[in-house]
Amino acid sequence: MSLLKTEVAGIYFENPLILASGILDENGYTMKKILQEGAAGVVTKSIGTVERTGYRPPIVAEVTGGLLNAVGLPNPGIDSFGEEIKVALEAGKPVIGSIFGGGVQEFVDLAIKMEGYGANAIELNLSCPHVKGVGSEVGSDPALVTDIVTEIKKRVKIPVFAKLSPNVTDMLEIAIAAEAADALVMINTVRGLAIDVYARKPVLSNTYGGLSGKAIKNIGLRYVYEVKMETGKEIIGVGGIENAEDAIEYIMAGSSAVQLGTVLYKKGRQAFAEISSGITQFMKSEGFGSIKEMVGAALP
Amino acid sequence: MIHSTITGIERVSPTTVSIRFPWEAAVLPGQFIMVWIPGLGEIPISLSHIGDIKGITIKSFGPTSEALTKMKEGDRIFFRGPYGRPFTQVKGKILVVGGGSGMAGLLPLINSDTVGVVSARTKDELLFVDRFLEGNVIKVTDDGSAGIKGIAVDGLKGLDLQKFTKMYICGPELMLRSVYRYIREIDVDAEFSLERLMKCGIGVCDSCSIDGYQLCRDGPTFSKKQISGMHEFGAFKLTESGKRIALPK
Ligand SMILES: Cc1cc2nc3c(=O)[nH]c(=O)nc-3n(C[C@H](O)[C@H](O)[C@H](O)COP(=O)(O)OP(=O)(O)OC[C@H]3O[C@@H](n4cnc5c(N)ncnc54)[C@H](O)[C@@H]3O)c2cc1C
Ligand SMILES: Cc1cc2nc3c(=O)[nH]c(=O)nc-3n(C[C@H](O)[C@H](O)[C@H](O)COP(=O)(O)O)c2cc1C
Ligand code: FES
C-alpha cells in the first residue's frame, strides 16, 4: 500500500484514487462503502445553499465513449448535509466537500459550514456546465474566480481546491485566476448534446448535458499538462480514467492524485481496487518507488 | 435508447395495464428497464413478461406512469436496459408475496405449483390472482373487499412458511419491512425486491442507494441475509434532492 501513497496540499491519501464529485456521493453510507472498498478519498456531490430537486429524468444518456448527464445539481442544501459527511468520515479517510454558488458570499458561507462538518478540504465547483446562473458562468469570469478563491482562503483553515471547467476559451487564464487555491482539479464535463432520432428529441430533459468518460480523457490530459507546465500548481486530474494506464497518464502529465467518476458505471465500485492494483503492478515492473516520482514524469 | 412498437395492451385493473412489445433481449425475472416518454419523463419499471414479446405492467401514480397507461397499440415505446440483478431462481416450491404493482415483477416467477399472497388496497386492484391454480392464492385487501382484511403480512400467518424452498417479496418498502420482521426468526429463505427513487438506473447518481448498495445495480433484489445487515432498510430514505428523511415507524 505505501508504494501508492500520495499527498495533495498536505492531505495524505493512501493511494491516488479519489471518487469524483457527483457520482455516488449523495448518501453518506455510499461514500463510506466506497472508501472501505478502496477509494483513498471521496468528493461529495456539489452542495449549495438551498435544497434543489434537480432535473426530471432522463438525467443521463449512455453515449459513445461515456455518459452525457444533466442531473441539475440536486442537493438537500448545506444545512441538511452534515449527517452524510459524518457517516462518510467514519471510514477514517479524507472527505472533500464540494460546493457551488452564485457569488463570493454564498461560496464563503458554504465553505465555512463544510469545514464545520469536518470536511478535510473544500472543492469549489466553479464549472458545472448545466445550471443557469452558477457553474460555467462563475468559472468563466477570471476576476470572480479570484475573488471567490481569495475570500474563502481567508475564512477557512482546510485546503481549498478549485475545480475548473473546460467550457471556456482559455482554461489557463482561469487556472492563473485561481492562483490562491491549494490545488486545481481538472476537468469537469464538456458541454454536449444527444438526440434520439426515433423520438426526434434531445434525450436529456435539460436538452444539454456534460460529457464525461473515455471521450474526454485526452482533453483533460492536455489541460493538466499545460497548466502544470505553466503554473507548477498541485493538480488533481479527472476525466475519462477507466484503467491503471489512464490514471498513470494523468499522473505523468502532472497530477498528484486523480478522480474517478464515469468508470463506476462501467466497472462498478470495484474500479478503485482494480485500478490501484494495476498501478502497483506498473510501478513494480517499471521501477518506480513512489507516486511522487511519477508526477509530471512526461513533462519537458 | 432502445425503441419498439406496442403490439398489445391489456387492462389488468382499473388503474393498471400491461403493455406488450417485441424485444429480443435476454431478460431474467426481477430485472427492470428505464422507460422514457419523450418530453415527459423516465421511470423504472419491472419486466412482467420476459419471453420474446416482452411486457411491463404499470399502475398509474403520477404523470409518467399515467401517460404509459394511456398508450395504444402501434405506439412507439422507448426504453433502456435491462438493468438490475435478477432473482435467484430455485427448484422446488416457492411463495410469492406481492403488494400492489409489486406483483408485476413477480409474474415471471409464477408456475403451476407456486403459492401467492396477493395484496392491494381493494378487490379491483388485486393483480394476477388468476395466474395461480385454484387454492394456491391468498388475497389480502386493506378494505376487506376480498379475502383477508389487512396487509400483506396478514396473508402469511396461516401458512407453514418452512415448507417453501424460497419466498420472493415485492412491493413498497413498508410492506417489505413488515414481511421481513415477520419472517426474520423463521427458517425460510427469502429474496426481496426493493423500490426506491431511481434517476439514472446505471449506478452513478446515488438516488437509489441503501446502505451503500445501489438498488439499480446491486439490486433491486436482495437476500434476507443482506437485508438483515441494512441499517437504512425500512428506516431512512433520501428524497429527490438527497435530503434524508425517516420512514414512518
Ligand atoms: C426497480 C423498480 C421497478 C418498478 N416496477 C414497477 C412496475 O413493474 N410497475 C409499476 O407500476 N411501477 C413500478 N415501479 C414504480 C414506478 O417506477 C413509479 O410508480 C413511477 O416512477 C412513478 O412515476 P410518475 O412520474 O408516474 O409519478 P410521480 O408523480 O413522479 O411519482 C409517484 C410516486 O412514484 C415515486 N417515483 C417517482 N419517480 C420515481 C423513480 N424514478 N423511481 C422510483 N420511484 C419513483 C414517487 O416517489 C411517488 O411516490 C418500479 C420502481 C422501481 C424502483
Ligand atoms: C452523473 C454525473 C454527475 C456529476 N456531478 C458533478 C457535480 O455535482 N459537481 C462537480 O464538480 N462535478 C460533477 N460531475 C463531473 C465529474 O466530477 C467529473 O469531473 C467528470 O465526470 C469527468 O470525470 P469522469 O470522466 O471520470 O466521469 C458529474 C459527472 C457525472 C457523470
Ligand atoms: S438510480 Fe442512479 S445509482 Fe441507482
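So that the names make sense, note that chain A is the first sequence line, chain B the second, and so on, each numbered from 1. Quantities reported herein were computed from a predicted structural model and do not represent experimental measurements. These values consider heavy atoms only, across backbone and side chains, with no hydrogens, waters or symmetry-generated copies.
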Side chain proximity check, A/Val60 to B/Lys199, heavy atoms < 4.5 angstrom
no
Per-residue contact mode, B/Ser207 against chain A (heavy atom under 4.5 angstrom):
both
Looking only at heavy atoms, which two atoms of B/Ile202 and A/Tyr265 are closest? And how far apart?
CD1-CD1, 3.6 Å
Heavy-atom cut-off 4.5 Å, strictly under: side chain, backbone, both or neither for A/Leu67 against chain B?
side chain
Could you tell me which non-hydrogen atom of A/Ala199 sits nearest to which non-hydrogen atom of B/Pro38, and how far apart they are?
CB-CG, 3.7 Å
Applying a strict 4.5 Å limit to non-hydrogen atoms, the region of B/Glu232 in contact with chain A is side chain
Taken to the nearest 0.5 Å, the spacing of B/Lys243 NZ from A/Glu84 CD works out to 11.5 Å
For the student: nearest non-hydrogen atoms of A/Asp196 and B/Trp36, plus distance:
CB-CZ3, 3.8 Å
Using a cut-off of 6.0 Å, state whether more than 12 heavy atoms not belonging to B/Arg76 lie near its atom CZ.
yes
Looking at A/Arg269, A/Glu83, A/Arg56, which one has more heavy-atom pairs under 4.5 Å with chain B than the rest?
A/Arg269
Polar contact flag, side-chain donor to acceptor under 3.5 angstrom, A/Thr30-B/Asp206
yes
Chain B: which of A/Val87, A/Asn27, A/Val203 shares the most heavy-atom pairs with it under 4.5 Å?
A/Asn27
Chain B contact via A/Ser205 - side chain, backbone, both or neither, heavy atoms under 4.5 Å:
neither
Could you pull out the closest heavy-atom pair between A/Lys201 and B/Gly39, with the gap in Å?
CD-N, 4.2 Å
For side chain to side chain contact (heavy atoms under 4.5 Å, CB included), just list the numbers for B/Glu42 and A/Ile59, CA-CA rounded to whole Å, side-chain angles, deciding distance to a tenth of an Å, and then say yes or no.
CA-CA 9 Å; B/Glu42 190 186 42; A/Ile59 52 139; 6.0 Å; no
How long is the gap from SG on B/Cys208 to CD on A/Glu26, to the nearest 0.5 Å?
9.5 Å
If I measure from the heavy atoms of chain A, does B/Tyr213 come under 4.5 Å with its side chain, its backbone, both, or neither?
both
CG (A/Leu24) and CZ (B/Arg217) are apart, to the nearest 0.5 Å, by 9.0 Å
Just checking B/Lys54: does its NZ atom have more than 12 heavy atoms from other residues, nucleotides or ligands closer to it than 6.0 angstrom?
yes
Verify, without hydrogens or angle tests, whether B/Arg80 (side chain) and A/Glu62 (backbone) share a donor-acceptor contact under 3.5 angstrom.
no
Minimum heavy-atom separation for A/Pro74 to B/Glu240, with atom names?
CB-O, 3.8 Å
If you tally heavy-atom pairs under 4.5 Å against chain B, which of A/Ala61, A/Gly268, A/Pro57 wins?
A/Pro57
Mind ranking A/Pro76, A/Ala194, A/Gly77 by heavy-atom pairs under 4.5 Å with chain B and telling me who comes out on top?
A/Pro76
So, taking the atom named SG in B/Cys205 and the one named CG in A/Asp25, what distance separates them when rounded to the nearest 0.5 Å?
10.5 Å
Nearest 0.5 Å, what's the OG1-OH distance between B/Thr5 and A/Tyr198?
11.0 Å
